[in-house]
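Naming convention: chains lettered A, B, ... in sequence-line order (proteins, then strands); numbering from 1 in each chain. Keep in mind that this is a model prediction, so the values were computed, not measured.
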Protein chains: 4
Amino acid sequence: MVKISNRRERKKRDSKNAIIEAAVTLFAQKGYNDTSIAEIMSEADLGLGTFYNYFQSKEEILKHFLAEITLNINQSYTKLLQEPRPAAEVLSEMFLLTGRILDQNRFVLPLFLSAAARGAGGKPHAPSPGRLTFKSIFLSIIQDGQAKGEFRSDIPAEVITEMFHAVFQAASFSSLDIGFMENIEYKLKIILTGLAAGGRQPG
Amino acid sequence: MVKISNRRERKKRDSKNAIIEAAVTLFAQKGYNDTSIAEIMSEADLGLGTFYNYFQSKEEILKHFLAEITLNINQSYTKLLQEPRPAAEVLSEMFLLTGRILDQNRFVLPLFLSAAARGAGGKPHAPSPGRLTFKSIFLSIIQDGQAKGEFRSDIPAEVITEMFHAVFQAASFSSLDIGFMENIEYKLKIILTGLAAGGRQPG
Amino acid sequence: MVKISNRRERKKRDSKNAIIEAAVTLFAQKGYNDTSIAEIMSEADLGLGTFYNYFQSKEEILKHFLAEITLNINQSYTKLLQEPRPAAEVLSEMFLLTGRILDQNRFVLPLFLSAAARGAGGKPHAPSPGRLTFKSIFLSIIQDGQAKGEFRSDIPAEVITEMFHAVFQAASFSSLDIGFMENIEYKLKIILTGLAAGGRQPG
Amino acid sequence: MVKISNRRERKKRDSKNAIIEAAVTLFAQKGYNDTSIAEIMSEADLGLGTFYNYFQSKEEILKHFLAEITLNINQSYTKLLQEPRPAAEVLSEMFLLTGRILDQNRFVLPLFLSAAARGAGGKPHAPSPGRLTFKSIFLSIIQDGQAKGEFRSDIPAEVITEMFHAVFQAASFSSLDIGFMENIEYKLKIILTGLAAGGRQPG
DNA sequence: CATGAATGAGGCTTCATTCAT
DNA sequence: CATGAATGAAGCCTCATTCAT
C-alpha cells in the first residue's frame, strides 16, 4: 500500500543524481553560462526533456546548489558556536569548514561573482539565493574578536570579512599544484598574523 | 540640419576609441557575456557593421583590453624596478599602481575568472590573453623579499602572489561603500603585517 | 491513511468520466490548445499515462465531445419532428434546445472555428468530426418554412442557417452580463421577425 | 545627405511586406496559433532571424494587424458620421464598410474569439489590442436609432450589437460558395427587417 | 488497467557575423 | 570606411506520446 514500487523510486533518484553530477562537472569545467542543458543531459546520458522533470528551469538547478551549500554552512555554524572559545580559533575552524564545503562545489564562486558584477540593476530573476549568510557569520566573529582585543581594530570588520571571501575565490581558481585546502590554510596563516592585535608593520 | 548632431563630434576621437569606450562602459555595467555588439555600437553611436572594421570578433576586443592592461602594468614595472628599494616598498607601490589600473577596468576580473573557470579544456578560441604577466612580476618581488629576509618564508611565494590577486578581485565586487582604492589599502595593510619576517601567530 | 483520500471516491464514476469532466472544465477555461494532457489528468486526479488507456490522442477526446453533442442533437431532432407544426415553432424549439446543449459545452465553438479557419488544407489528422449535422437539420426546417410560405424566400436557406450558427457563437463569447440562454432568445426574436414572410424593410 | 540610399530602403520595405503578406496568408489558412514563425519566414522566402528585424515577437505582428484594422475602421467612422442621416442607413453603410475591411483580414476573427474565450484570466501578455472600438460605434448608432423610434426597443442595444459582430464571424468562416460581402448583405437584410420598429412577430 | 519517468521534435527568441551598398 | 539588413546556429523550454513496471 505504501511503497508503490521501489525500482521506480530508485531510478528516479538515480536520474536526479546523474543530472546533478553532470551539472556540477560541467559548471566546474565551463561555468554556468557556458554550459547548456543539452550538454548536461548528454553528460548525464538522459534525454533533453528529462531535465525538466527534475528542475523547472536552468536557474532552478543553480538555486538547488546554493540552497544546499547554505544549509550545510548554517548547520555547521550552529554547532561551532555552541561553546565559547577565542575568536581566532572559532574563525579558523569556521574558515576551514567553509573551505571544505566550497571545495566540493567550486563552480559556485563564479556565480556569486557574476551576480555581484551585475549589481543591483541586474535581471529580475537573477540567481539571488537569499544571500549566502556566511558573510554575516564571519562578520560577527571578527567583530567579537575586535571587541575582545584579540584583533586589531584599525581595519573595518567588513573589509576583513571580504578578505576571507577573497581567499576562497582565489583558491577556487588557483592554478597552483597544491590542493585547495592547503592553499587556503597558507592564506589563513597570513591573515591571522596580520590581524593579531599587537602586530604593526614597521612602516 | 539640426538632427544629424551627435554623429558629428565623433570625428575627433575616431571610431575605434568610441567603440572601446562604449565597450568598457557596458562590460562594466553588464558583464562581457550579457553585452551584445549591437548594444556596444549603439552606445558608440555607430553602425553595427562598423565594429568589424576594427575588431575581428567579439573576443578580439577583449584581447585588446587585456593587452592594454598588460602593457600598462609592464611599463610601470620597468620604471619601478629602476632603483633598488625594500621589497615591501616596491610591493606596495606595485600593488597600488595595479589597483589604480584595475579600478578603471573593473570588468576584466570576471573575465579572468571565467577564463580560469573554463580551465585548459575551454573553447578553441578561448580568450587566452598571453597570460597577464603581473603574476610573474609580483612573484619575483616577493621571492626577492623572501631572499632578503624581509618576508617570512614559510609560505610559498606563489601563494602570496595569489593572495594579492584575490584582493583585487574582492575589491572589484565589493558592496561596501568605501572606494576601491581605500578597500585595497586596508587589505594591503593586513597582508604586509602578515608577511613581515618576525611575525608568527601565537597558535 | 487519511491522505490517500481523493483517489478513493473516483471508482464510482470510472476514470473515463473523470477525464472527460476534467477536459470539459479546462477546455472551457483555457481552450483546447492551451490545455495540456498533464493538466487534464491532474485535474482528473489520475496518472498522466492513464489518459492513453481511454483516448488514442489528444484529438481523440475532442472527437468524443463532438460526437456526443451531435448524438444529443440528433436525438432531439428526431423527437421534435415527430408531429407536424409550424416551421417557426419547430425552429424555435430546435434552436433553444441546441442552445441548451451548447451552453454546457461552450468550449467547442472555438474548435469549430479554428477547424473551419484551417479550411480544407489543414493537418492530416485534422479534427474533422464528420460535420456536425445540425446545419442540415436547421437547413431542412428553414427550407420547409420557405416552401410553406411561412418564411421569406429572398434569402437563401443556407445563409439563414449560418445566421443561427452565428448567434450561438456570439453568445458563447459574449461579455454581456446576461445569461447564454437569455442572450440567444433575444437574437432569436430578431431573426424570426426578420424572417417572417410579409416582412420587407422600407428601403 | 538626406537620402542615405534608396535601394536599401526599398528592399527593407519589400521584406517587411513579404513578411506581412506571408503572415496574413498563413494566419488565414491555419490560424495564428498553428502558424510558426519558421513557416512565415519560409513562405516569405527569408531567413528565420530576419523576422525579428521587423517585429519584436510573434505577438507583435498580431498587434500590427489589429492596430491597422482599428485605424481603418475609426477613420471611416469619422467620415460616416459627418452628416446626419437615418440610423438604418448609417448602420448599413458602417456595416458594409466594416465588412469590406474584415474581408481582407479574415484571419483576425479567430484571434478575437480565442482571446475572448480565454476570458479575463488569460495570459498576462494576451493580445488584447486596446479593444477594437467598432463595438462602441455600432452600439451608439443603434441606441440612436432606438431613441429616434426607428428601431424596436424591446431588445437591448448591446445584444443587437453582438448580433452584427456575429454576422461577421459567421461570414468569415462560411463554407457557402457565395462571397463574403454577398453573405453579409443577406444577413443585414434579415436583421434590419427584424429591427424595424413596427415589426413584431406573430407569436 | 494505472502509472509517471523518459523522450525529442518543435516552437520562440537572441546574437555574432557577413556582405552588398 | 560606414552601414544595417540578412542569416542561421544555438539556447531554453513545452508537451504529446511511449513504455516498462
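In this structure, B:Ile40 atom CD1 and E:dC15 atom C1' are separated by 12 Å, rounded to whole Å. Atom CD in A:Glu9 sits about 15 Å away from atom P in F:dT21, given to the nearest Å. Put simply, CD on B:Glu39 is 12 Å from P on E:dT14, counting in whole angstrom units. Taking atom CZ of D:Arg10 as the reference point, atom C1' of F:dA5 lies 15 Å away to the nearest angstrom. What separates NZ of A:Lys30 from P of F:dG11 is a distance of 8 Å, to the nearest Å. Between the CZ atom of A:Arg13 and the P atom of E:dA5 there is a distance of 13 Å, rounded to whole Å. Between B:Phe55 atom CZ and E:dA16 atom C1' the separation is 15 Å, expressed in whole Å. As rounded to whole Å, 13 Å separates atom P of E:dG4 from atom OH of A:Tyr54.
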Just distance, no hydrogens or angles: give the donor-acceptor pairs under 3.5 Å from side chains in residues 37-50 of chain D, sequence neighbours left out.
{"from": "D:Glu39", "atom 1": "OE1", "to": "D:Lys30", "atom 2": "NZ", "distance (Å)": "3.3"}
{"from": "D:Glu39", "atom 1": "OE1", "to": "D:Ser36", "atom 2": "N", "distance (Å)": "2.8"}
{"from": "D:Glu39", "atom 1": "OE1", "to": "D:Ser36", "atom 2": "OG", "distance (Å)": "3.3"}
{"from": "D:Glu39", "atom 1": "OE2", "to": "D:Lys30", "atom 2": "NZ", "distance (Å)": "2.4"}
{"from": "D:Thr50", "atom 1": "OG1", "to": "D:Gly47", "atom 2": "O", "distance (Å)": "3.4"}

Could you tabulate the donor-acceptor pairs under 3.5 Å formed by side-chain atoms of residues 14-21 of chain D, not counting sequence neighbours?
{"from": "D:Ser15", "atom 1": "OG", "to": "D:Lys11", "atom 2": "O", "distance (Å)": "3.3"}
{"from": "D:Asn17", "atom 1": "ND2", "to": "D:Arg13", "atom 2": "O", "distance (Å)": "3.4"}

List, with names and distances, any nitrogen or oxygen atoms from the protein found under 3.5 Å away from nitrogen or oxygen atoms belonging to nucleotides 15-18 of chain F.
{"from": "F:dA16", "atom 1": "OP1", "to": "C:Lys58", "atom 2": "NZ", "distance (Å)": "3.2"}
{"from": "F:dA16", "atom 1": "OP2", "to": "C:Ile37", "atom 2": "N", "distance (Å)": "2.9"}
{"from": "F:dT17", "atom 1": "OP2", "to": "C:Tyr52", "atom 2": "OH", "distance (Å)": "3.2"}
{"from": "F:dT17", "atom 1": "OP2", "to": "C:Lys58", "atom 2": "N", "distance (Å)": "3.0"}

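In this structure, the side chains of A:Phe55 and A:Lys63 stay at 4.5 Å or more apart for every pair of heavy atoms.
We find the CD1-CD distance between B:Ile61 and B:Gln56 to be 13.0 Å, quoted to the nearest 0.5 Å. A distance of 12.0 Å separates CD in C:Gln29 from CG in C:Asp34, rounded to the nearest 0.5 Å. In this structure, C:Tyr32 OH and D:Asn33 CG are separated by 12.5 Å, a value rounded to the nearest 0.5 Å.
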Using the rule given for side-chain contact (heavy atoms from CB on, under 4.5 Å), can you reason through D:Tyr52 versus D:Glu60, listing the C-alpha separation, both sets of side-chain angles and the distance that settles it, and then say yes or no? CA-CA 10 Å; D:Tyr52 292 91; D:Glu60 202 74 8; over 6 Å; no

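OP1 and OP2 of F:dC1 both lie 4.0 Å or more from every side-chain N or O belonging to B:Ser15.
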Dot-bracket pairing map - DNA chain E, Watson-Crick plus G-U, both contacts under 3.5 Å, | cross-strand: .||||||||||||||||||||

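Annotation: ring-ring contact (aromatic ring centres under 6.0 Å, His included) contacts of A:Phe65 (sequence neighbours excluded): A:Phe107.
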